[in-house]
Colleague: 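Quick one: structure below, then a few questions.
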Amino acid sequence: MPIRLEQPIKPLSRVIRLESDLGISDHAMIAWWYCGIYKNPVANSQPHALVAFREIGPEGLGDEIIPRRIPITELGQVRIGSIWKDQKCQSEAIFEVDKFDVMISRNTWRVVSFNEALLQGNAPPYPSEIHPLQYERDKNWMIEFDLQSGGKLLIPCIEFFTRCYGRSAELKRVLATYPWCEPTDIHNSRLYAPLGEPEEPGQWKVKLRSRMVNGDIVFLAHAKYDPYTRSAAKSIYAQIEAEHDPRGRLPAFIKVAPWFQGHAELKVSGIRFNNGKSFLALQVNGCSNPQGALIVRDRENSNRVNEGADPGAREAWAGTPERQLIKPPEIVDLTSDEEPDHSAASIEIEDDDFEELGEKRLIIDRRREKAESKAGAKQQGTCADKYSGGEPSGDGKGVGYASIHAKPVLESQGTLRDVWNAMLFLQKKHPDKIEKVQWFTWEGGFKNDPEPQLIGLTEFDKEEEVSTTIRNWLYSDTVSRKVRGILVARLIFRDKWVCILEIQRRPRMKKDASGAPKESEENFKGLVCIPPNMDEFKKWLTATLESIRYLKGIVQPLEGKQIENCMSFSHSRTKSEEVAGEAAVRNALGKVNVPLS
């Protein structure tokens with residue numbers, strides 16, 4: 001009997017073409033379930049994951065499962081719900097999105113499967129009809145978290161591994177391919193470069209290998225310093241080795257543990273059940289990081305220096321092939337049967353973005369006073385007609401290296417709140433420069449409370465002649481007639497204080513790159529100034545709050561009014577910002593010549 005696909009479908013283009021055809025007909029196929037991991041007998045540096053597909057026919061999904069072995073580095077592209085035809089991804093099922101707070105401790109999570117439930121005489125992990133699997137005794141493990149609602153959150157272990165154990169596919173490949181054992185320490189040599197400096201109390205120092213991405217840093221820092229994380233990481237290869245079937249018929253059904261303990265936030269997509277109290281998460285879209293020691297991040301290919309190398313210094317990375325970022329609609333062929341050439345061209349492929357939730361982990365990038373070497377000239381790289389995520393071996397095969405990773409994106413709570421949170425973060429990161437971060441109201445003056453209050457704009461008199469659009473703009477909600485709020489905050493430096501003003505935005509909808517609607521908000525610039533004293537600050541604030549109402553939030557005409565050093569600033573985003581709103585705050589400070597290093 002055909003299975004109904006309840007979820008709506010959205011167009012989606014991915015950059016890879018699958019190595020082998022999925023089809024048994026002309027119909028599209030949907031990636032339905034992850035079904036274990038195999039060692040790769042052809043190219044042993046690229047373990048395979050078994051992915052179950054279902055045919056999408058005119059009457060629904062087919063009963064028959066079409067299994068295909070996919071390189072573990074490609075799982076971020078072949079996500080559950082992705083729909084493929086002619087070996088290319090064309091669209092994706094849209095599952096319900098939700099966020100959950102979980103406490104990770106010995107008694108609040110476990111791994112479960114349909115097979116174990118039957119053996120133990122327990123209820124199945126979830127009602128099979130909401131996402132039917134091929135076997136009643138399916139052996140694939142899921143992490144089950146207890147929820148405060150009394151329900152549970154279920155996440156397939158391989159999905160959790162793929163999305164939550166760092167951001168690069170290379171990190172997952174190394175964990176699944178190489179043992180953690182002395183004296184060879186093979187995994188270590190691929191994850192960590194020699195530190196080259198002594199350890200220091202209270203700091204976790206990690207120097208990343210060139211194939212690692214910056215987003216891998218928190219996981220790798222914990223894997224180096226935290227025995228709990230190291231144990232979780234070690235178990236991946238150990239399980240694959242222990243369950244390996246030399247005949248290649250049965251996969252290893254691995255259990256994947258949450259790699260840190262304590263409070264965690266998870267953003268997932270999936271299917272709700274148990275009267276809405278429980279959730280089957282088929283996709284992980286974001287997670288918080290654990291708090292802990294300060295992380296000092298370095299890279300073996302770092303370019304963070306205050307002064308360049310001397311003219312005669314040695315050249316580093318000379319002859320390294322240039323890397324090209326591949327984005328839709330461009331299509332590349334990935335192979336798992338051959339390893340990449342040493343000299344072939346390399347490409348960069350982005351998986352779905354991964355949202356970093358909750359409080360930002362404090363990370364400082366190692367910066368050197370003077371470079372010891374200079375960048376050597378890169379080469380274009382020999383031609384490649386296909387690409388591989390494996391370990392480079394030999395030359396002349398025409399196989400390039402594919403670096404695949406998920407881009408970390410910062411959780412946004414709206415521009416106003418992001419700017420406030422970024423100010424708190426920067427004070428924490430630069431306590432030697434920023435002494436305090438405070439917010440202001442007329443009633444209470446400046447306060448240190450981390451939960452800010454806003455100043456409500458004054459409503460127009462009924463008799464005042466202003467246009468309807470200006471009168472309505474004053475309200476954050478025109479139905480409830482709630483007036484807009486203004487955040488007035490300051491950063492106190494040793495010899496001055498900087499005031500930043502932000503306008504409360506109304507929510508609105510806009511279309512994403514695929515044309516699907518997504519939540520957004522109004523766009524306004526902020527104001528920044530350096531008040532000479534408290535009296536001048538209050539005069540400026542009174543006049544500014546009065547004028548903003550008539551200008552409908554367009555603050556550029558207020559530059560230089562009342563206070564000479566008063567500028568507007570935009571809220572652009574940068575790749576280097578560590579929390580949402582950081583680039584905007586740095587931009588604001590730069591406008592009044594108070595830059596942070």
Colleague: Residues two or more places apart in sequence or in another chain: which of them pass side chain to side chain donor-acceptor pair (under 3.5 Å) with Arg573?
Modeller: Glu577
Colleague: Less than 4.5 Å apart, side chain to side chain, heavy atoms only: is that true for Ile217 and Ile363?
Modeller: yes
Colleague: Using only atom types and a distance under 3.5 Å, with no angle test, would you say the side chain of Arg17 pairs donor to acceptor with the backbone of Ile331?
Modeller: no
Colleague: Are any side-chain N or O atoms of Gln7 and backbone N or O atoms of Phe95, one a donor and one an acceptor, separated by less than 3.5 Å?
Modeller: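 Pair absent, no side-chain N/O of Gln7 close to backbone of Phe95.
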Colleague: I need the full list of salt bridge (Lys or Arg N to Asp or Glu O under 4.0 Å) pairs touching residues 251-260, with sequence neighbours left out, sorted by first then second residue.
Modeller: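 Checked against salt bridge (Lys or Arg N to Asp or Glu O under 4.0 Å) - neighbours excluded - no pair reaches residues 251-260.
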Colleague: Could you walk me through whether Gln134 and Asp138 pass the side-chain contact (heavy atoms from CB on, under 4.5 Å) check?
Modeller: CA-CA 7 Å; Gln134 183 176 15; Asp138 187 273; over 6 Å; no
Colleague: What residues, two or more places apart in sequence or in another chain, satisfy side chain to side chain donor-acceptor pair (under 3.5 Å) together with His48?
Modeller: Asn40, Ser336
Colleague: Using the ring of Tyr178 (Phe, Tyr or Trp, six-membered ring only), decide whether Arg173 places NZ or CZ under 6.0 Å from its centre and within 45 degrees of its axis.
Modeller: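 Geometry flag: not set, cation outside 6.0 Å or 45°.
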Colleague: Quick one: ring pair (Phe, Tyr, Trp, His ring centres under 6.0 Å) partners of His131, sequence neighbours excluded?
Modeller: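 Result, ring pair (Phe, Tyr, Trp, His ring centres under 6.0 Å) vs His131: Trp32, Trp33.
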Colleague: Salt bridge check, Lys386 against Glu19: does any charged N sit closer than 4.0 Å to a carboxylate O?
Modeller: no
Colleague: So Pro290 and Arg361, do their side chains get closer than 4.5 Å, heavy atoms only?
Modeller: yes
Colleague: For Gly400 and Pro340, work out which heavy atoms get closest and say how close.
Modeller: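 So the two residues come closest at O-CB, 3.5 Å.
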Colleague: Can you name the one residue among Ile104, Val102, Leu153, Ile155 that meets side chain to side chain contact (heavy atoms under 4.5 Å, CB included) with Trp109?
Modeller: Ile104
Colleague: Give the C-alpha distance, both sets of side-chain angles, the deciding distance and a yes or no for salt bridge (charged side-chain N to carboxylate O under 4.0 Å, His left out) between Glu199 and Lys224.
Modeller: CA-CA 12 Å; Glu199 300 280 2; Lys224 180 180 177 182; 3.2 Å; yes
Colleague: Is Val256 close to Ile236 at the side-chain level, that is, under 4.5 Å between some pair of heavy atoms?
Modeller: yes
Colleague: Search all heavy atoms of Ala345 against all heavy atoms of Tyr387 and return the closest pair with its distance.
Modeller: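 Closest heavy-atom pair between Ala345 and Tyr387: O-CE2, 3.5 Å.
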Colleague: Using only atom types and a distance under 3.5 Å, with no angle test, would you say the side chain of Gln239 pairs donor to acceptor with the backbone of Ser235?
Modeller: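 Yes, the answer is positive, given that a donor and an acceptor are paired below the 3.5 Å cut-off.
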Colleague: Strictly distance-based, threshold 3.5 Å: is any side-chain N or O of Asp341 a donor or acceptor partner for the main-chain N or O of Val399?
Modeller: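 Such a contact is found between Asp341 side chain and Val399 backbone.
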Colleague: Under the ring pair (Phe, Tyr, Trp, His ring centres under 6.0 Å) rule, collect the residues that match up with Phe114, sequence neighbours excluded.
Modeller: Tyr126
Colleague: Assess Arg68 against Phe53: is NZ or CZ under 6.0 Å from the centre of the six-membered ring, and within 45 degrees of the ring's axis?
Modeller: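 No.
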Colleague: Going through the distances and angles, do Leu171 and Met212 end up as a side-chain contact (heavy atoms from CB on, under 4.5 Å)?
Modeller: CA-CA 7 Å; Leu171 171 52; Met212 299 297 110; 4.2 Å; yes
Colleague: Is any side-chain heavy atom of Lys39 less than 4.5 Å from a side-chain heavy atom of Ile240?
Modeller: yes
Colleague: Does Pro227 offer a backbone N or O that forms a donor-acceptor pair with the side chain of Ser231 under 3.5 Å?
Modeller: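 Side chain of Ser231 to backbone of Pro227: no pair is present.
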Colleague: For Glu55 versus Ile66, what's the shortest heavy-atom pair and its separation?
Modeller: N-CD1, 4.0 Å
Colleague: Is it the case that the side chains of Glu359 and Ser288 hold a donor-acceptor pair, with the cut-off being a distance below 3.5 Å and no angle test?
Modeller: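 The criterion, which ignores hydrogens and geometry beyond distance, is not satisfied for Glu359 and Ser288.
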Colleague: The test is side-chain contact (heavy atoms from CB on, under 4.5 Å); show your working for His405 and Asp351 and say whether it passes.
Modeller: CA-CA 6 Å; His405 60 91; Asp351 287 336; 5.9 Å; no
Colleague: Below 4.0 angstrom, N of the basic side chain to O of the carboxylate: do Arg167 and Asp216 qualify?
Modeller: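 So Arg167 does not pair with Asp216 through a salt bridge.
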Colleague: So which heavy atom on Asn587 is nearest to which on Ser570, and how close?
Modeller: ND2-O, 3.2 Å
Colleague: Say whether, by atom type as modelled, one donor and one acceptor occur between the side chain of Arg299 and the main chain of Lys207 under 3.5 angstrom.
Modeller: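 Absent.
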Colleague: Taking all atoms of both residues into account, what is the closest heavy-atom pair of Tyr34 and Leu75, and its distance?
Modeller: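 It is OH-O, 3.5 Å.
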Colleague: Taking 4.0 angstrom as the limit, do Lys397 and Glu339 come out as a salt bridge?
Modeller: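 No.
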Colleague: Over all heavy atoms of both residues, which pair between Phe354 and Arg163 is shortest? Give the atoms and the distance, please.
Modeller: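 Smallest heavy-atom distance, with atoms named: CE1-O, 3.2 Å.
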Colleague: Relative to Tyr192, does Arg209 satisfy both conditions: NZ or CZ under 6.0 angstrom from the six-membered ring centre, and within 45 degrees of the ring's axis?
Modeller: no
Colleague: A side-chain contact here means heavy atoms from C-beta on lying under 4.5 Å apart; do Cys89 and Leu12 qualify?
Modeller: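 In contact.
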Colleague: Drop me the distance from Ser45's OG to Ile72's CD1, to the nearest 0.5 angstrom.
Modeller: 12.0 Å
Colleague: Which residues pass the salt bridge (charged side-chain N to carboxylate O under 4.0 Å, His left out) test with Arg137, sequence neighbours left out?
Modeller: none
Colleague: Return the CD to OG1 distance between Glu170 and Thr73, rounded to the nearest 0.5 Å.
Modeller: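 If we round to the nearest 0.5 Å, Glu170:CD and Thr73:OG1 are 8.5 Å apart.
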Colleague: Quick one: list whatever passes side chain to side chain donor-acceptor pair (under 3.5 Å) with Ser388, sequence neighbours left out.
Modeller: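 Ser388: side chain to side chain donor-acceptor pair (under 3.5 Å) contacts with Gln46.
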Colleague: My understanding is that only residues two or more places apart in sequence, or in another chain, count here; which of them pass salt bridge (charged side-chain N to carboxylate O under 4.0 Å, His left out) with Asp352?
Modeller: Arg14, Arg79
Colleague: Is there a donor-acceptor pair closer than 3.5 Å between any side-chain N or O of Ser91 and the backbone N or O of Pro11?
Modeller: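 Not at all, since once roles are kept as given, no pair shorter than 3.5 Å links the two residues.
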Colleague: Side chains of Ser269 and Asn285: do they bring a donor and an acceptor to under 3.5 Å?
Modeller: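 A donor-acceptor contact under 3.5 Å links the two side chains.
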Colleague: Which pairs pass ring-ring contact (aromatic ring centres under 6.0 Å, His included) with one or both residues in residues 199-221, sequence neighbours excluded?
Modeller: Tyr165-Phe219, Trp204-His222, Trp204-Tyr225, Phe219-Trp259
Colleague: Please list, chain by chain and in numerical order, all residues satisfying side-chain contact (heavy atoms from CB on, under 4.5 Å) with Leu325, sequence neighbours excluded.
Modeller: Lys327, Glu348, Glu350
Colleague: With a 4.5 Å cut-off on side-chain heavy atoms, are Glu92 and Gln283 touching?
Modeller: yes
Colleague: Is the closest side-chain heavy-atom distance between Pro251 and Ile37 below 4.5 Å?
Modeller: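 Not touching, per the 4.5 Å side-chain cut-off.
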Colleague: Taking only residues two or more places apart in sequence or in another chain, which ones pass side chain to side chain donor-acceptor pair (under 3.5 Å) with Glu197?
Modeller: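 For Glu197, the residues satisfying side chain to side chain donor-acceptor pair (under 3.5 Å) (neighbours in sequence not counted) are Lys205, Arg366.
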Colleague: With the threshold set at 4.0 Å, does a side-chain nitrogen-carboxylate oxygen contact exist between Lys88 and Asp86?
Modeller: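 Here Lys88 does not pair with Asp86 in a salt bridge, since their nearest N and O are not under 4.0 Å apart.
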Colleague: Say whether, by atom type as modelled, one donor and one acceptor occur between the side chain of Asp395 and the main chain of Ser343 under 3.5 angstrom.
Modeller: yes
Colleague: Nearest 0.5 Å please: distance from the CG atom of Leu61 over to the CE atom of Met29.
Modeller: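 It is 10.5 Å, given to the nearest 0.5 Å.
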Colleague: Determine whether Leu195 and Asp298 satisfy the following criterion, side-chain contact (heavy atoms from CB on, under 4.5 Å), listing intermediate values before the conclusion.
Modeller: CA-CA 8 Å; Leu195 198 57; Asp298 197 2; 5.7 Å; no
Colleague: Partners of Glu356 by salt bridge (charged side-chain N to carboxylate O under 4.0 Å, His left out), sequence neighbours excluded?
Modeller: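 If we apply the salt bridge (charged side-chain N to carboxylate O under 4.0 Å, His left out) test to Glu356, skipping adjacent residues, the hits are Lys360.
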Colleague: Given side chains that start at C-beta, do those of Asp385 and Asp333 come closer than 4.5 Å, heavy atoms only?
Modeller: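 Asp385 vs Asp333: side chains apart.
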Colleague: Using modelled atom types only, decide if a donor and an acceptor are shared between the side chain of Glu582 and the backbone of Glu578 within a distance under 3.5 Å.
Modeller: yes
